[in-house]
Amino acid sequence: MTDNYGLYERIYRIVHLIPAGTVATYGQIAGIVGCCSPRQVGYALAVLPHGSDVPWQRVINARGEISLNPNGSGAFQREILEREGVRFNEGGQTDLNKFGWHGPLC
DNA sequence: AGATTGACTGCAT
DNA sequence: CATGCAGCCAATC
């Protein structure tokens, strides 16, 4: 396999490795990809077409919360995560200590 | 080619 | 504990 799948596909591949009921932060993804800053991770997901097989909803900010505005698509995202088994507290945050992804090799 | 923005993060105040 | 600032890399204007 070639090392160069394109920046976005690279990120998509990492996100696709996140197991259900688990969430990862943008910085975590960026660190695993080892090729870009969290901004590019967010951008890559922002350009994701609807109907993709990438569980973009499992990628959230470092605080363990939905990054998008709660009055936007974020409400839909939280619904999906709860359906995956991820629980949110009153602040709409997840427990990264429990649901936080440790990485593809761990 | 230069400036601006973006689903971010971490530290300092 | 809330807010501000700087760093980061790629895409778009």
Side-chain angles (χ1 to χ4, degrees):
Chain A
M1 63 166 133
T2 55
D3 317 48
N4 196 349
Y5 269 96
L7 181 56
Y8 295 149
E9 288 210 21
R10 201 136 179 194
I11 295 172
Y12 299 153
R13 191 159 295 243
I14 302 299
V15 175
H16 199 279
L17 293 175
I18 303 176
T22 308
V23 294
T25 69
Y26 291 97
Q28 183 71 59
I29 301 297
I32 293 167
V33 176
C35 175
C36 44
S37 64
R39 283 228 139 83
Q40 272 51 285
V41 180
Y43 199 92
L45 297 180
V47 299
L48 254 178
H50 296 291
S52 61
D53 295 329
V54 182
W56 57 271
Q57 63 275 14
R58 292 178 192 149
V59 185
I60 53 185
N61 66 11
R63 293 162 50 177
E65 209 215 313
I66 308 294
S67 312
L68 288 175
N69 218 24
N71 56 10
S73 309
F76 178 70
Q77 180 171 5
R78 174 183 154 181
E79 191 175 344
I80 301 172
L81 288 173
E82 284 201 76
R83 194 157 164 269
E84 295 275 322
V86 179
R87 294 192 178 183
F88 287 79
N89 67 16
E90 292 183 1
Q93 296 180 298
T94 65
D95 188 348
L96 287 177
N97 192 32
K98 184 175 182 181
F99 300 107
W101 190 37
H102 287 257
L105 302 178
C106 192

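The chains referred to below are lettered A, B, ... by the order of the sequence lines, with proteins before strands, and numbering in each begins at 1.
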Review point. Can you tell me how far CZ of A:Arg58 sits from CG of A:Leu45, rounded to the nearest 0.5 angstrom?
Key: 12.5 Å
Exercise for review: Could you grab the distance from atom OG1 of A:Thr25 to atom CD1 of A:Ile60, nearest 0.5 Å is fine?
Suggested key: 8.0 Å
Exercise for review: Look at all strands and tell whether A:Ala62 reaches a base, only sugar-phosphate, or nothing, counting heavy atoms closer than 4.0 Å.
Suggested key: sugar-phosphate
Do the non-hydrogen side-chain atoms of [X] and [Y] ever get within less than 4.5 Å of each other?
X	Y	result
A:Val59	A:Val54	no
A:Trp101	A:Ile14	yes
A:Gln77	A:Trp56	yes

Would you list the protein and nucleotides 9-12 of chain C atom pairs, both N or O, that sit under 3.5 Å from each other?
unit_1	atom_1	unit_2	atom_2	d
C:dC9	O4'	A:Ser37	OG	3.3
C:dC9	O4'	A:Gln40	NE2	2.8
C:dC9	N1	A:Gln40	NE2	3.2
C:dC9	O2	A:Gln40	OE1	2.6
C:dC9	O2	A:Gln40	NE2	2.1
C:dA11	O3'	A:Tyr43	OH	3.3

Whole angstrom is fine here: how far is it from [atom1] in [X] over to [atom2] in [N]?
X	N	atom1	atom2	value
A:Ile60	B:dT9	CD1	C1'	14 Å
A:Arg63	B:dA7	CZ	C1'	13 Å
A:Ile80	B:dA7	CD1	P	18 Å
A:Leu81	B:dA7	CG	P	18 Å
A:Tyr26	B:dA7	OH	P	9 Å

Check your understanding: Under the criterion side chain to side chain contact (heavy atoms under 4.5 Å, CB included), which of A:Gln93, A:Glu82, A:Glu65 is the partner of A:Phe88?
Key -> A:Glu82
